[in-house]
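Inspection log for the structure reproduced underneath, given as structure tokens.
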Amino acid sequence: MNDPETFKNPCAICHKRPATRYCDYVIDCWHPQIFLRDRMRCVKENEPSYETCDVPMCEECAKNIDREIDFCPYHFELYQKAKEIPEKWKKEQARVKRQINTELLNGSD
């Protein structure tokens, strides 16, 4: 017999097990300052103004990214693709990251 608790909060992915996690992927952000390079300053000065996916998932279907961060399979795939930039852009990416780090170390804005 099926556990009746499963039907109160089923996993949206497998529809078999109870959901114990929600997708933490940020799908919307209302604070333009969130895009500043100094993330820690932004966090200190502004309350979080974002929306997460929140698809209910069971532990088996959730893709764990960090200690307390889980993504649904769809957003996990996007997350993986976002980390893979075309090879032809990697040199420019490295150059800009060095420039940003140098500016941050020197205190330039």
Side-chain angles (χ1 to χ4, degrees):
M1 185 166 149
N2 290 329
D3 180 2
E5 292 298 311
T6 301
F7 298 104
K8 289 183 179 179
N9 191 24
C11 172
I13 310 305
C14 70
H15 307 286
K16 296 177 184 176
R17 293 174 289 270
T20 58
R21 300 163 188 246
Y22 297 103
C23 179
D24 297 313
Y25 193 87
V26 176
I27 60 172
D28 203 355
C29 175
W30 300 286
H31 229 296
Q33 293 176 341
I34 196 81
F35 298 106
L36 291 174
R37 288 195 171 106
D38 189 350
R39 181 182 168 278
M40 293 311 294
R41 183 173 135 211
C42 181
V43 169
K44 288 177 187 173
E45 294 177 2
N46 303 288
E47 289 192 28
S49 300
Y50 58 87
E51 180 182 357
T52 55
C53 172
D54 293 333
V55 165
M57 307 170 289
C58 65
E59 188 171 333
E60 289 83 1
C61 291
K63 304 295 184 186
N64 187 262
I65 303 301
D66 201 353
R67 196 174 78 215
E68 294 182 11
I69 299 174
D70 299 297
F71 291 164
C72 65
Y74 174 77
H75 285 123
F76 180 74
E77 187 177 332
L78 289 178
Y79 169 75
Q80 294 291 72
K81 285 181 181 180
K83 296 190 308 184
E84 301 170 10
I85 67 165
E87 195 64 39
K88 63 184 178 182
W89 295 343
K90 286 186 178 182
K91 183 178 177 183
E92 286 301 309
Q93 179 192 38
R95 180 187 64 77
V96 169
K97 285 184 181 255
R98 282 192 306 274
Q99 179 183 347
I100 290 168
N101 288 333
T102 301
E103 290 172 2
L104 288 173
L105 287 173
N106 294 332
S108 301
D109 289 327

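Not measured: the values here are computed from a predicted model. These numbers come from the heavy atoms of this one structure, side chains and all, not from hydrogens, waters or symmetry mates.
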Are L78 and V26 connected, step by step, through hydrophobic side chains (Ile, Leu, Val, Met, Phe, Trp, Tyr) whose heavy atoms are closer than 4.5 Å? no

Indicate yes or no for a side-chain donor-acceptor contact from N9 to the backbone of P18 under 3.5 Å, with no hydrogens or angles considered. no

Give the ring-plane orientation class for Y25 versus H75, where under 30° counts as parallel, over 60° as perpendicular and anything between as tilted. parallel

Can you measure from NZ (K88) to CD (Q93) and round to the nearest 0.5 angstrom? 14.0 Å

Carboxylate-amine/guanidinium proximity below 4.0 Å for E84 and K81: no

At their closest point, which heavy atom of F71 faces which heavy atom of C23, and how far apart are they? CA-SG, 3.8 Å

Minimum heavy-atom distance between M57 and I13, given as atom pair plus value: CG-CG1, 4.1 Å

Distance col, row L105:CG vs I100:CD1, nearest 0.5 angstrom, shows 12.0 Å

Can you check whether D66's main-chain N or O pairs, donor with acceptor, with N64's side chain at less than 3.5 Å? yes

Could you tell me which non-hydrogen atom of C58 sits nearest to which non-hydrogen atom of C11, and how far apart they are? N-SG, 3.3 Å

More than 12 heavy atoms from other groups under 6.0 Å of CD on E77: no

Would you say Y74 ends up clustered with I27 if hydrophobic residues are merged whenever their side chains have heavy atoms under 4.5 Å apart, either directly or through other cluster members? yes

When rounded to the nearest 0.5 Å, the distance separating CG of D24 from SG of C72 is 10.0 Å

Would you sort out whether R95 and R98 count as a side chain to side chain contact (heavy atoms under 4.5 Å, CB included), showing the intermediate values? CA-CA 5 Å; R95 180 187 64 77; R98 282 192 306 274; 3.8 Å; yes

CG (L104) and CD (Q99) are apart, to the nearest 0.5 Å, by 10.5 Å

